[in-house]
Amino acid sequence: MKQAFSIFFSIVLLTASCSTQEDADKNVALTNAMFDAFNKHEWQKMAAFYSENTLFLDPSYGTEYVIKTRQEISAKYAEMEKLFPDIHDHVVGSYPYGDKVTVEFVSTGTVSDSLQFKLPIMAVLTFKDGLIVKDATYYDQENP
């Protein structure tokens, strides 16, 4: 009886860990696809990776979480492109854990065809049903 229970318990754990790994792999793939859309400046496509109402924590919005719609997300990045026409994010690493993916990346761009910036950023993306429902982004806003 103990052996049967051990085998059953092992199968349950193995199934759960496979599902968790599949979810983690899927979330990393979605993260990479979102950054690909960002780097192509396809703002509506990028925004489609987010839920219709996403919680954001971002220094550009202040110090508290705010809710942004896909339309607001797309509009923010379209405006950013006007300031930095060559903006690009280079993903350094993606680290999945449960329903979250922590992403290290470096954002670069040029202001007014002369002044270049290079800004290291970290974001913690929370996924639910294949969409980003929470985006907590951290960077030093004072030293781009």
Side-chain angles (χ1 to χ4, degrees), residues 5-144:
F5 180 74
S6 294
I7 292 171
F8 174 75
F9 188 68
S10 296
I11 291 171
V12 169
L13 285 178
L14 181 61
T15 303
S17 67
C18 288
S19 176
T20 301
Q21 186 59 50
E22 288 174 14
D23 290 343
D25 292 345
K26 180 181 175 185
N27 292 342
V28 168
L30 290 168
T31 299
N32 291 337
M34 187 269 293
F35 274 93
D36 184 56
F38 178 95
N39 286 329
K40 292 177 180 175
H41 298 181
E42 296 174 344
W43 308 124
Q44 289 182 344
K45 183 177 180 180
M46 186 202 84
F49 287 94
Y50 289 86
S51 64
E52 181 51 44
N53 294 293
T54 303
L55 278 172
F56 274 88
L57 179 65
D58 185 311
S60 68
Y61 296 133
T63 59
E64 302 293 327
Y65 278 96
V66 296
I67 296 174
K68 296 294 177 180
T69 65
R70 287 184 184 132
Q71 183 178 355
E72 290 172 315
I73 295 165
S74 179
K76 174 189 175 177
Y77 289 102
E79 286 299 314
M80 189 180 291
E81 181 183 8
K82 289 178 185 175
L83 296 172
F84 316 110
D86 62 342
I87 192 165
H88 179 85
D89 288 346
H90 170 73
V91 175
V92 176
S94 299
Y95 313 99
Y97 181 78
D99 63 348
K100 295 176 177 36
V101 176
T102 301
V103 186
E104 287 180 271
F105 59 101
V106 178
S107 189
T108 58
T110 307
V111 182
S112 304
D113 296 327
S114 60
L115 181 63
Q116 294 183 335
F117 73 89
K118 184 176 183 179
L119 181 64
I121 303 173
M122 187 197 74
V124 180
L125 307 175
T126 304
F127 287 84
K128 182 177 180 184
D129 300 326
L131 295 172
I132 301 165
V133 295
K134 190 174 181 183
D135 180 329
T137 298
Y138 303 91
Y139 56 90
D140 184 354
Q141 193 172 4
E142 299 299 319
N143 295 308

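Here the closest heavy-atom approach between residue L131 and residue A48 is recorded as CD2-O, 3.5 Å. Taking both residues in full, the closest heavy atoms of V91 and F105 are given as CA-CB, 3.8 Å, listed atom of the first, atom of the second, then distance. For the residue pair S94 and P96, the shortest heavy atom distance occurs at O-CD, 3.7 Å. T110 and P85 get closest at one heavy-atom pair: O-CD, 3.7 Å. Of all heavy-atom pairs spanning T137 and P59, the tightest one is O-CD, 3.4 Å. Nearest heavy atom pair, residue F49 against residue A33, reads CZ-CB, 3.6 Å.
Counting heavy atoms from C-beta outward, F35 and V103 have side chains that approach closer than 4.5 Å. Looking at heavy atoms from C-beta onward, F38 lies in side-chain contact with I87 at the 4.5 angstrom threshold. Using a 4.5 Å heavy-atom threshold, the side chains of D25 and Q21 count as touching. Inter-residue side-chain proximity for L119 and V106 is flagged as unmet; no heavy-atom pair is nearer than 4.5 Å. Side-chain atoms of M122 and V124, non-hydrogen and from C-beta on, do get closer than 4.5 Å to each other.
Within 6.0 Å of OH in Y97 there are 12 or fewer heavy atoms belonging to other residues, nucleotides or ligands. In E104, the CD atom is crowded: over 12 heavy atoms of neighbouring residues, nucleotides or ligands sit closer than 6.0 Å. Crowding of Q44 atom CD: a count of heavy atoms from other residues, nucleotides or ligands under 6.0 Å not exceeding 12. Applying the 6.0 Å contact sphere to CD1 of I67 captures no more than 12 heavy atoms from other residues, nucleotides or ligands.
Checked against the 6.0 Å centroid threshold, F56 and Y65 do not count as a close aromatic pair. Checked against the 6.0 Å centroid threshold, F84 and Y77 do not count as a close aromatic pair.
Separating the OG atom in S107 from the CE atom in M80 is a distance of 7.0 Å, to the nearest 0.5 Å. The line from OG1 of T31 to CG of D36 is 12.5 Å long, rounded to the nearest 0.5 Å. Distance check: N32 CG to N27 CG gives 11.0 Å after rounding to the nearest 0.5 Å. For the atom pair OG1 of T102 and CG of L125, the computed distance is 8.0 Å after rounding to the nearest 0.5 Å. The OH atom of Y138 sits 13.5 Å away from atom CD1 of I121, with the distance rounded to the nearest 0.5 Å. The CE atom of M46 lies 11.5 Å from the CZ atom of R70; values are rounded to the nearest 0.5 Å.
A salt bridge between D58 and K76 is present, with a side-chain N of the basic residue lying under 4.0 Å from a carboxylate O of the acidic one.
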Q. Between Y139 and S60, is a side chain to side chain contact (heavy atoms under 4.5 Å, CB included) present by the stated rule, with each step listed?
A. CA-CA 10 Å; Y139 56 90; S60 68; 3.6 Å; yes
Q.
Working note: V133 + L55, criterion side chain to side chain contact (heavy atoms under 4.5 Å, CB included); need CA distance, chi angles, decisive distance, verdict.
A. CA-CA 6 Å; V133 295; L55 278 172; over 6 Å; no
Q.
Walk me through whether V101 and Y95 qualify under side chain to side chain contact (heavy atoms under 4.5 Å, CB included).
A. CA-CA 5 Å; V101 176; Y95 313 99; over 6 Å; no
Q. So T108 and H90, side chain to side chain contact (heavy atoms under 4.5 Å, CB included) or not? Walk me through it.
A. CA-CA 8 Å; T108 58; H90 170 73; over 6 Å; no
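At least one donor-acceptor pair under 3.5 Å links the side chain of T54 to the backbone N or O of S51. Judged by distance alone, with hydrogens and angles left aside, the side-chain atoms of D86 form no donor-acceptor pair with the main-chain N or O of G109 at under 3.5 Å.
The closest side-chain donor-acceptor pair between T126 and D99, if any, does not fall under 3.5 angstrom.
Figure legend: K68 and Y61 shown as a cation-pi pair, the cationic atom lying under 6.0 angstrom from the six-membered ring centre and within 45 degrees of its axis.
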